[in-house]
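The structure under discussion appears below in the form of structure tokens.
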Amino acid sequence: MKVTEHITNAKKTLFSFEILPPLKGTSIQSIYNSLDLLMEFNPSFVDVTYHREEFVYKKRTDGLLERRAVRKRPGTVGICAAIMNKYQVDTVPHIICGGFSKEETENALIDLDFLGIDNVLVLRGDPIKSETYFSAEEDGHKYASELLGQVNEMNNGIYLDEELKSSAPTNFCIGVAGYPEKHFEAPNIHSDIHFLKKKVEAGADYIVTQMFFDNQKYFDFVNLCRENDITIPIIPGIKPISTQKQLTLLPQRFHLNVPNPLVDEVLKCKTNTDVRQVGVEWAIQQTKELIDFGVPCIHFYTMGKSDNVQQIVGSFS
Ligand code: FAD
């Protein structure tokens, strides 16, 4: 079932979870162990992130360094299919521009369609870790809106090969990313909203936000979207802080602010077990307020840890 159908049919705020494929060489059991804790809450859908290649340097026998491209977390499509099969829950694979030619994207979408997966979250993807700027493949997409255009074309039965006649249309429900604290490359929030609107005009069905720790940022973002005639559902993304290190790591990685009261509480903690509890309580407060605001769904970023998300969602059931 499509994410938008879940939202339309919902009688109360829904929950969804986002997981990462395990590192290459790790069994899929690690995903099941994580999801086993969360499935009792009947999530409407589970997102599986996509991770592009990174460059690693290997020392050759002649002493020179050889640069190799390695995908450390492969398996997004397989994991989606496995989760659907094991738990009978809808999955949302993330698909990205980075590292994909248009043809590779088309083939990936064909695989998803054949597997009965009818949701995708369409993203540009971040730059390769060792690079400052995002660069598209020669025959790939530069922005999420362009990738979205390709998914939409396939939804209308239009494939890359113009000679294909009467091609079967796919039927993907399309989500996109939104940034309450603006995307780090955007010169200002208005520019970012302008391009977010382009994604909506290109056919996006709903938005999932970057994580935030101050609900006011989300409320302001939703107001700004509505003022700009972006009317599709905007699903807030929540991540509970769980270590003291994340106070600097999350702002650095995701370009967001952590409010002072939360920083103060985390700094008072003597152990990461205490931090984890502070993070859980903060996220419970955020969730309560978001439910009262009437959000359609709350999307929890598990980032490989689900026991704290279990505690948060458990307090609402
Ligand atoms: P875009 O919408 O393309 O925007 C990128 C930047 O370009 C923005 O600053 C925008 O304002 C600007 N822009 C857009 N269109 C134009 C245009 N036509 N001309 C000029 N400027 C333009 N990354 C992954 O690699 N894998 C994942 O699985 C993943 N999952 C994510 C899930 C969520 C919910 C979120 C919020 C992010 C996720 N990301 C993921 C990170 C995401 O890929 C990065 O934030 C990336 O830098 C931007 O992606 P986007 O889809 O928002 O890009």
Side-chain angles (χ1 to χ4, degrees), residues 3 16-22 45-54 71-77 79-80 91-100 105 108 112 119-129 131-137 140-151 174-212 217-218 221 224-225 228 230 232-239 250-256 295 297-304:
V3 167
S16 61
F17 304 122
E18 180 175 307
I19 60 161
L20 275 66
F45 51 96
V46 173
D47 276 52
V48 183
T49 55
Y50 192 94
H51 299 259
R52 68 177 302 179
E53 75 281 13
E54 294 173 28
R71 276 190 60 209
K72 294 190 174 170
R73 293 183 184 272
T76 302
V77 173
I79 292 169
C80 283
T91 51
V92 182
H94 293 189
I95 57 165
I96 62 174
C97 306
F100 277 82
T105 295
L112 294 172
N119 292 290
V120 282
L121 189 74
V122 167
L123 303 141
R124 186 195 71 179
D126 279 323
I128 292 182
K129 263 195 185 143
E131 296 179 355
T132 314
Y133 299 104
F134 174 85
S135 54
E137 293 303 296
H141 299 293
K142 206 167 159 201
Y143 294 109
S145 53
E146 295 174 2
L147 174 56
L148 204 153
Q150 185 178 1
V151 181
I174 308 171
V176 292
Y179 302 83
E181 300 183 62
K182 125 178 156 51
H183 183 258
F184 69 102
E185 288 166 23
N188 59 53
I189 186 79
H190 300 286
S191 159
D192 211 19
I193 295 278
H194 168 81
F195 288 117
L196 177 60
K197 193 168 174 189
K198 295 263 174 246
K199 293 195 275 193
V200 177
E201 287 166 352
D205 294 302
Y206 68 97
I207 297 164
V208 184
T209 78
Q210 183 57 278
M211 64 184 76
F212 53 87
K217 306 268 185 203
Y218 170 82
F221 176 70
L224 201 55
C225 287
N228 283 276
I230 296 174
I232 57 176
I234 303 177
I235 300 177
I238 294 292
K239 147 98 186 103
L250 296 176
Q252 185 190 30
R253 171 95 180 74
F254 299 108
H255 308 273
L256 44 81
V295 300
C297 177
I298 301 182
H299 186 73
F300 288 94
Y301 292 100
T302 68
M303 291 174 80

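Each ligand, and each atom within it, is numbered from 1 in the order the structure gives.
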Item to check | Proximal ligand 1 atoms for T49, defined as those under 4.0 Å from one of its heavy atoms | outcome: 28 (O)
Checklist entry - Polar-atom distance check: S145 versus ligand 1, any N or O pair below 3.5 Å? => result no
Checklist outcome for this item: So for D47 against ligand 1, with non-hydrogen atoms under 4.0 Å, the contacting part is neither
Item to check | Side-chain donor or acceptor of R124 paired with backbone N/O of C97 under 3.5 Å | outcome: no
Next on the checklist: Under 3.5 Å between any N/O of R124 and any N/O of ligand 1: does that happen in this structure?
Outcome noted: yes
Checklist entry - Using a heavy-atom cut-off of under 4.0 Å, does the side chain or the backbone of H94 touch ligand 1, or both, or neither? => result side chain
Next on the checklist: Test your reading of the structure: does A144 have an N or O sitting under 3.5 Å from an N or O of ligand 1?
Outcome noted: yes
Item to check | Polar proximity ligand 1 side, F184 side, N/O cut 3.5 Å exclusive | outcome: no
Item to check | Sub-4.0 Å atoms of ligand 1 with respect to non-hydrogen atoms of Q210 | outcome: 36 (C)
Checklist entry - Does some non-hydrogen atom of R52 fall short of 4.0 Å from ligand 1? => result no
Checklist entry - Just which atoms of ligand 1 are under 4.0 Å from any heavy atom in A177? => result 35 (C), 36 (C), 52 (O)
Next on the checklist: Quick test of your reading of the structure: of F195, F254, Y50, whose heavy atom lies closest to atom 12 (C) of ligand 1?
Outcome noted: F195
Checklist entry - When you look for heavy atoms under 4.0 Å from ligand 1, do you find them on the side chain of K199, its backbone, both, or neither? => result side chain
Item to check | Worked check of side chain to side chain contact (heavy atoms under 4.5 Å, CB included) between T209 and H299 | outcome: CA-CA 9 Å; T209 78; H299 186 73; over 6 Å; no
Checklist outcome for this item: Ranked by distance from atom 9 (O) of ligand 1, the top protein heavy atom is H183 ND1, 2.8 Å
Checklist outcome for this item: Residues at least two apart in sequence or cross-chain that pass salt bridge (Lys or Arg N to Asp or Glu O under 4.0 Å) with K142, listed by chain then number, are none
Item to check | L121 to ligand 1, any heavy atom closer than 4.0 Å | outcome: yes
Checklist entry - Are any of the N or O atoms of D192 closer than 3.5 Å to those of ligand 1? => result yes
Next on the checklist: Strictly inside 4.0 angstrom of atom 4 (O) of ligand 1, do you find any protein heavy atom?
Outcome noted: no
Checklist outcome for this item: Those residues at least two apart in sequence (or on a different chain) that pass side-chain contact (heavy atoms from CB on, under 4.5 Å) with F254 are Q210, M211, L250, L256, M303
Checklist entry - Measuring from the heavy atoms of Y179, does anything fall under 4.0 Å of ligand 1? => result yes
Checklist outcome for this item: Closest to atom 20 (C) of ligand 1 (heavy atoms only, candidates Y301, Y143, F134) is Y143
